[in-house]
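A quick write-up on the structure given underneath.
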Amino acid sequence: MTEPTNSGIGFRSMAGKPTSADEKMLAMNEALTLAVLRQHELTEAADSANVQLRAEIVERERAQFLVNSQKQALQLLAEDASLQAVLEFLIGVVERESGEGMLAAITLLNEAGSHFQRGISTSLPEAFNAAVEGVDVSSLTELCALAVRRREPMAVNDFKENAEWQAFDQFVAPYGLRSGWCTPIVSSGGRILGTFANYFCHACDPTPKNQELVEMVIRTAAVAIERKCAEELRERLLANEQQARKQADEANRVKDEFLATISHELRTPLNAIMGWTEILVRGKLDEETASRGLKTIARNAKAQTRLISDLLDVSRIISGQLRFESGVVELAPVIEAAVDSVRPAAEAKSIELRLAVDPVNATVWGDAARLQQIVSNLLTNAVKYTAMNGRVGVSLKREDTGLVIVVTDTGDGISSDFLPYIFDRFRQADSASTRQYGGLGLGLAIVRHLVEAHGGSVSAASEGAGLGATFTVTLPLASVRKEEGVVKKPISGELSKDQISSSLALKGLAVLVVDDESDARDLITIALRQSGADVRSADNVRAALKILDQWKPDVLVSDIGMPGADGYEFMRKVRAREPERGGRIPALAVTGYAGADDAERALKAGYETHMPKPVVLGELVARVASLAERTSTSKN
């Protein structure tokens, strides 16, 4: 076998040694490779730094955007934009910035935090906002209601897939909403002002980006709501203050007018009374003139008594102390008695009085005296405002609504401007010093109160000035039959035939009159003596008790307000006596203390009845006769 040869040279092996040029080339290659690797590393580091820088820039820009949005919202507030405009701006910021098809809505709570007051959104239909208005938060199983009740955010990633929210899905499905979350808007003081809700048309969870947006919105919304609420509160307080000041000024004006009016109305009859009294005392009048003077005194005294009674009634109404003695009342006799009470005034003006009473038995449950006062006040008002030869009518009929009393007149009528105030206290269509008619403006106010106290209603109507007026009173029928209740009788201020007849029963009766005022004592003494009574009098309690030690009267008539010991103490001492020493003598209190409490106090002290001053002499005689009958009955 022939061994290979090396090109014929015959080398079996060889070795080489690099030259210096080769070494340089290798070193350059290595250096170049290292440089490339280093450059790559630097490039990667630069790219990473750029990404981080860009992220920081985006974050700063986003933070600046949120700050700018908040400033813009607050600027809107500073420019006095409406709360709705500010909240709509915030909603728009969130919807534009989210970029995920978010739809936002804000709901506001009422001041009590119990009900949703209104909804606000820019992309959702108005029906969506209206659906929450006025809804009770405690009764609603809705996303925002639960967020309010739990005072924390509530999130649902899919209304359709979550069984707990399938019922709520019926509310949002018509609008294509699939998911959402709701965050309470809380004031600086911890009160929940409303909610901020975010909805999506696809299933999703809230992202940090969206949560950051919402945090900005609820902070800014809370500031806006609190500020606007504070402004509204200040405006309401200012308006209330202005209204209160206006009402106070009006009340002072009405009070001043009323005081001027009452001074005029009380002084006018007093002037006639004092003037004619002075003329009569001189005794230089013929019989006809003297009679006219006495009638004038009586008429003006009655007018003054009526004014005082109206003032007392209004005072009792205001204080809630007006009391009633109720029973079954026949209205026909009540109306007839009221007509009789105004007849003299009507005849003085040649006014025709027309009475039309339904013959059907008509009864109501109430106080006969107060019911008569209702009709008398209406008739007095009608006569006052009706000119000479005019006409005033009163009718009673039964309707489905109850018993209806209608008072009509052909007088001055009522202007449309004043008609709404016709039943107000102290209100008169003309309160000037040049007014044609007198009065305090209390009669119709008393009518309204008395009618309503009887469960009825009263209204006024007029075609206008000069066309007369119509007043309609509706009262409910009595709820019990006549025979089952006490039938109250009407009270007349005049001395009726029945009272005159009853005054004959005073003949032979012994009556003790106790009053420290000599004029009042003499008046009662003379009136009772003219009715046939044997009368003795005393000016104080001690003198009265001495008389009782020596003489036993059938009836006691005593004043209440007396120096030393008053009428209450007198009656307690009388009732402490044995029967044979007068301890059971029936007693009548005649006093200027005319309040309901005064009457009750007199009864508790031992009086059988109470009669306010000034007394109607006919009624006084009737009361004494009635007490004497009780005495005779007890003896039998």
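Residues Leu477 and Arg398 have side chains in contact (heavy-atom distance under 4.5 Å, counting atoms from C-beta outward). Side-chain atoms of Ile279 and Thr289, non-hydrogen and from C-beta on, never get closer than 4.5 Å to each other. Side-chain contact between Phe471 and Ile414 is present, with heavy atoms from C-beta onward closer than 4.5 Å. Within the 4.5 Å cutoff, the side chain of Phe423 has heavy atoms near those of the Val458 side chain. No side-chain heavy atom of Ile405 sits under 4.5 Å from any side-chain heavy atom of Leu378. With a 4.5 Å cut-off on side-chain heavy atoms, Val514 and Met562 count as touching. When side chains are defined from C-beta on, Arg391 does not count as touching Thr386, because their heavy atoms never get closer than 4.5 Å. The shortest distance between side-chain heavy atoms of Trp276 and Leu285 falls below 4.5 Å.
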Please lay out, stage by stage, how Ile560 and His610 fare under the test side chain to side chain contact (heavy atoms under 4.5 Å, CB included).
-> CA-CA 10 Å; Ile560 294 296; His610 171 275; 5.6 Å; no
Applying side chain to side chain contact (heavy atoms under 4.5 Å, CB included), run through Glu347 and Leu353 and close with a yes or a no.
-> CA-CA 9 Å; Glu347 290 176 349; Leu353 283 176; over 6 Å; no
Would Met274 and Thr277 count as a side chain to side chain contact (heavy atoms under 4.5 Å, CB included) if you check the C-alpha gap in whole Å, the side-chain angles of each, and the deciding distance to 0.1 Å?
-> CA-CA 5 Å; Met274 294 180 66; Thr277 300; 5.6 Å; no
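Using a 4.0 Å cut-off between a side-chain N of Lys or Arg and a carboxylate O of Asp or Glu, Glu241 and Arg245 qualify as a salt bridge. Salt bridge status for Arg343 with Asp340: present, with a side-chain N to carboxylate O gap under 4.0 Å. Between Arg584 and Glu608 no salt bridge is recorded (no basic side-chain N to carboxylate O distance below 4.0 Å). Looking at Arg282 and Glu278, a side-chain N of the basic residue comes within less than 4.0 Å of a carboxylate O on the acidic one, giving a salt bridge.
Other residues, nucleotides and ligands place no more than 12 heavy atoms under 6.0 Å from the CD atom of Glu287. At most 12 non-hydrogen atoms from other residues, nucleotides or ligands lie less than 6.0 angstrom from CD of Glu111. Counting non-hydrogen atoms of neighbouring residues, nucleotides and ligands closer than 6.0 angstrom, the CD atom of Glu463 reaches no more than 12 such neighbours.
Nearest heavy atom pair, residue Glu336 against residue Leu355, reads CG-CD2, 3.8 Å. When all heavy atoms are compared, the tightest approach of His454 to Trp365 is CD2-O, 3.8 Å.
Note that CG of Leu528 is 9.5 Å distant from CG of Leu509, once rounded to the nearest 0.5 Å. Atom CG of Leu444 sits about 12.0 Å away from atom CD1 of Ile374, to the nearest 0.5 Å. Rounding to the nearest 0.5 angstrom, the gap separating the CD atom in Glu330 from the CG atom in Leu371 is 12.5 Å. Here the straight-line distance linking atom CG of Leu603 with atom OG1 of Thr609 works out to 7.0 Å at 0.5 Å rounding. A distance of 7.0 Å separates CG in Asp522 from OG in Ser537, rounded to the nearest 0.5 Å. Once rounded to the nearest 0.5 Å, the distance linking CD1 of Ile524 with CG of Leu588 reads 8.0 Å.
Checked by atom type, the side-chain pair Gln373/Arg370 shows a donor-acceptor distance below 3.5 Å. With no hydrogens or angles considered, a side-chain donor-acceptor pair links Ser114 and Asn110 at under 3.5 Å.
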